[in-house]
Amino acid sequence: MTKAVSSRQTGIIASLILFANKILVLPSLFYEKSKADGFFMIAILLAFELIMLYLFLRVKEAFPNDSFYDIIKNKMGTFAAKAFYLILIVYFFYKVMLLFNIIYMYLKVQVYIDASYFIFIFAFLVIMNTSVLRGIRPIARGCEFFYVFIMASLVLCLFLSIANFDRLPFFFESNAKSFFDGIFRHTFCFGDLLVLFVIMDKLEVKRKDFKRIFGYAAFSVTIMLIIYFMFYSIFGVTSFVHKNAVSDIITFSYRFIDLGRLDLIAIITIMFLAFFQLSLYAYAFSECFVKIFSKLSTAYSVVVFDILFIAIVLSSLINYLVAIKIGQEFVSYLAILLHFILPTIVFFFAKKKLDKGGEK
């Protein structure tokens, strides 16, 4: 089987997908729950993301040519594989709805207050459909082509935010109950590296590439930690009001008032990130769909996705606030299964195989 995505592209995909749903409204939600201790919440949850990446790399090492579906099917049976993939279909579709609504509200506030859903449906759905139909390789190449621009723009946002730095955040103001409850209720914004598991049979990754891939992910984690630190430093007790963190940390400054709208840097960056992240979610949805309904082609998965997406968006069944509420009340429980339990189970299958290989 011919591999489609190189190790460098794999690292870049991991790096970009890590930002999904984490650098706009989430810092504010963390502050509402645990004040500036939200910085430690994001640090813990990002540590789990890196652990998930480690589990993925070990699984990939043990099963270099197998798909995630085949591993589950061979070790746990066809019923378990289809059941998990059905859950993943729901999960990735929810991820699309969550990110779409967050981006919609962000661009509505920052760019065009009278924008309707129709504009954004057209803009994003065309990209998602095209990406799924063309396959993972063009998505990976697009991520690779724009990676330097995206990361340089985020670093520039951090550099500009230094001018707004006011004071160190006041840490250790929350109690343990609210802190850990906040971690649990916001796990729905994490686990994005599950995309790598779903497309693992299309990735060219060898053991010598592990450090390189980890380096890409660690760079993204570092940027996010600095964004959260600067956000709580700049806004302090008003952090819960600011719902667009990466833009707000460079916007509220009299020092740059003569330079015009610096938030355009963040807006353009967020748009590129959103296009790639939504495309990866949609592709993962399609992969899961095709595995369950093996007699149907990718085109059918696109049709099903579009019908569900348009129907739900236009009916307003899942809007900005509803998407977050669903994540906090339902998907957080689902996240425990998909973020921690399932990867750990498959990791032990991989470890057992690697141990046997070592003995031989």
**Item:** Considering all heavy atoms, the nearest Leu50-Phe214 contact
**Value:** O-CZ, 3.5 Å
**Message:** Would the distance check show the side chain of Lys177 and the main-chain N or O of Ser174 forming a donor-acceptor pair, the cut-off being under 3.5 Å?
**Reply:** no
**Asked** Are the side chain of Ser286 and the backbone N or O of Ala282 linked by a donor-acceptor pair below 3.5 Å?
**Response** no
**Request:** Go through Ser15 and Tyr147 one step at a time and tell me if the side-chain hydrogen bond (donor to acceptor under 3.5 Å, both in side chains) criterion holds.
**Result:** CA-CA 9 Å; Ser15 177; Tyr147 180 73; 3.2 Å; yes
**Prompt:** Going by heavy atoms in the side chains, are Asp306 and Phe309 under 4.5 Å from each other?
**Reply:** no
**Request:** For atom NZ of Lys33, decide whether the heavy atoms of other residues, nucleotides or ligands shown that lie under 6.0 angstrom number more than 12.
**Result:** yes
**Nearest heavy atoms of Phe210 and Val205, plus distance in Å** = CE1-CG1, 3.9 Å
**Complete:** Rounded to the nearest 0.5 angstrom, the CD1-CG distance for Ile226 and Leu158 is 5.5 Å
**Request:** Report the C-alpha distance between Tyr216 and Thr10 in whole Å, list the side-chain angles of each, state the deciding distance to 0.1 Å, and finish with yes or no for side-chain hydrogen bond (donor to acceptor under 3.5 Å, both in side chains).
**Result:** CA-CA 9 Å; Tyr216 281 110; Thr10 301; over 6 Å; no
**Request:** Mind checking the CD1-CZ spacing from Ile89 to Phe289? Nearest 0.5 Å is all I need.
**Result:** 6.5 Å
**Complete:** When rounded to the nearest 0.5 Å, the distance separating CD1 of Ile213 from CZ of Arg8 is 12.0 Å
**Message:** Testing the basics here: between Gly142 and Phe276, what is the closest heavy-atom pair and its distance to 0.1 Å?
**Reply:** O-CZ, 3.2 Å
**Prompt:** Would you say Val290 and Ser297 make side-chain contact, with heavy atoms under 4.5 Å?
**Reply:** no
**Message:** With a 4.5 Å cut-off on side-chain heavy atoms, are Val198 and Cys288 touching?
**Reply:** yes
**Request:** Give the ring-plane orientation class for Tyr232 versus Tyr228, where under 30° counts as parallel, over 60° as perpendicular and anything between as tilted.
**Result:** perpendicular
**Asked** Using the ring of each side chain (for Trp, its six-membered ring), is Phe56 parallel, tilted or perpendicular to Phe197, with breaks at 30° and 60°?
**Response** perpendicular
**Prompt:** Quick one: do Val90 and Val195 end up in the same hydrophobic cluster if we chain Ile, Leu, Val, Met, Phe, Trp and Tyr together by side-chain heavy atoms under 4.5 Å apart?
**Reply:** no
**Prompt:** Between Gln9 (side chain) and Ser6 (backbone), is there a donor-acceptor pair under 3.5 Å?
**Reply:** yes
**Prompt:** Going only through I, L, V, M, F, W and Y residues with side-chain contacts under 4.5 Å, is there a path from Ile102 to Leu321?
**Reply:** yes
**Message:** Below 30° counts as parallel, above 60° as perpendicular, anything between as tilted: where do the rings of Phe100 and Phe124 land?
**Reply:** perpendicular
**Prompt:** So, do Val109 and Asn244 sit near enough that their side-chain heavy atoms are less than 4.5 Å apart?
**Reply:** yes
**Request:** For Asp37 and Glu173, indicate whether the former's side chain and the latter's backbone hold a donor-acceptor pair under 3.5 Å.
**Result:** yes
**Request:** Describe, in one word, how the ring planes of Phe305 and Phe93 are oriented to each other, choosing from parallel (under 30°), tilted (30 to 60°) and perpendicular (over 60°).
**Result:** perpendicular
**Item:** Ring-face cation of Lys22 near Phe190 (centre distance under 6.0 Å, axis angle within 45°)
**Value:** yes
**Request:** Would you give the length of the straight line joining atom CG of Leu88 to atom CZ of Phe68, rounded to the nearest 0.5 angstrom?
**Result:** 7.0 Å
**Prompt:** Are the side chain of Lys60 and the backbone N or O of Pro64 linked by a donor-acceptor pair below 3.5 Å?
**Reply:** yes
**Prompt:** Mind checking whether Ile23 and Leu154 have side chains closer than 4.5 Å, heavy atoms only?
**Reply:** yes
**Message:** What I want to find out is whether Lys202 reaches Glu287 closely enough, with some N-O distance under 4.0 Å, to be called a salt bridge.
**Reply:** yes
**Salt bridge flag under 4.0 Å for residues Glu32 and Arg185** = no
**Prompt:** Are Arg58 and Glu61 within salt-bridge range, i.e. N to O under 4.0 Å?
**Reply:** yes
**Request:** With the side chain counted from C-beta on, respond yes when Phe92 and Leu280 share a heavy-atom pair under 4.5 Å apart, and no when they do not.
**Result:** no
**Asked** Got more than 12 heavy atoms from elsewhere within 6.0 Å of CZ, Phe118?
**Response** no
**Asked** Is the backbone of Phe240 close enough, under 3.5 Å, to the side chain of Ser28 for a donor and an acceptor to pair up by distance?
**Response** yes
**Request:** Taking atom CZ of Phe120 as the centre, report whether more than 12 heavy atoms of other residues, nucleotides or ligands fall under 6.0 Å from it.
**Result:** yes
**Asked** Which pair of non-hydrogen atoms, one from Met97 and one from Asn101, has the smallest distance, and what is that distance?
**Response** O-ND2, 2.7 Å
**Between NZ on residue Lys206 and CG on residue Asp209, distance to nearest 0.5 Å** = 8.0 Å
**Message:** Is there a side-chain contact between Val5 and Ile139 in this structure, where contact means two heavy atoms from C-beta onward sitting under 4.5 Å apart?
**Reply:** no
**Backbone of Tyr31 reached by a side-chain donor or acceptor of Ser34 within 3.5 Å** = no
**Prompt:** Under the side-chain hydrogen bond (donor to acceptor under 3.5 Å, both in side chains) criterion, do Asn65 and Asp201 qualify, and how do the steps go?
**Reply:** CA-CA 6 Å; Asn65 299 316; Asp201 56 317; over 6 Å; no
**Prompt:** Among side-chain atoms of Ser67 and Asp70, is any donor-acceptor pair under 3.5 angstrom?
**Reply:** yes
**Complete:** Distance col, row Gln277:CD vs Tyr281:OH, nearest 0.5 angstrom, shows 6.0 Å
**Request:** I would like to know whether Phe40 and Phe179 meet ring-ring contact (aromatic ring centres under 6.0 Å, His included); could you show each step before the answer?
**Result:** CA-CA 9 Å; Phe40 300 114; Phe179 181 84; 7.2 Å; no
**Complete:** Given the options Ile341, Leu55, Val59, Val346 meets side chain to side chain contact (heavy atoms under 4.5 Å, CB included) only with Val59
**Item:** Heavy-atom closest pair, residues Gly191 and Tyr91
**Value:** O-OH, 3.8 Å
**Request:** Please check if atom OH in Tyr300 has more than 12 non-hydrogen atoms from other residues, nucleotides or ligands closer than 6.0 Å.
**Result:** no
**Asked** Do Ile307 and Tyr94 share a hydrophobic cluster, counting only Ile, Leu, Val, Met, Phe, Trp and Tyr and linking them when any side-chain heavy atoms are less than 4.5 Å apart?
**Response** no
**Message:** Looking at Phe184, I want to see if its CZ is surrounded by more than 12 non-hydrogen atoms of other residues, nucleotides or ligands under 6.0 Å.
**Reply:** yes
**Message:** Donor-acceptor pair, distance only, cut-off 3.5 Å: does the side chain of Ser153 make one with the backbone of Ile265?
**Reply:** no
**Message:** Whether the side chain of Ser315 engages the backbone of Ala311 through a donor-acceptor N/O pair (distance < 3.5 Å, no angle test) should be reported.
**Reply:** yes
**Request:** Could you tell me which non-hydrogen atom of Ala245 sits nearest to which non-hydrogen atom of Phe231, and how far apart they are?
**Result:** CB-CD1, 3.7 Å
**Request:** Flag the pair His339 / Leu334 as yes when at least one side-chain heavy-atom distance between them is below 4.5 Å, and no otherwise.
**Result:** no
**Request:** Indicate yes or no for a side-chain donor-acceptor contact from Ser294 to the backbone of Lys291 under 3.5 Å, with no hydrogens or angles considered.
**Result:** no
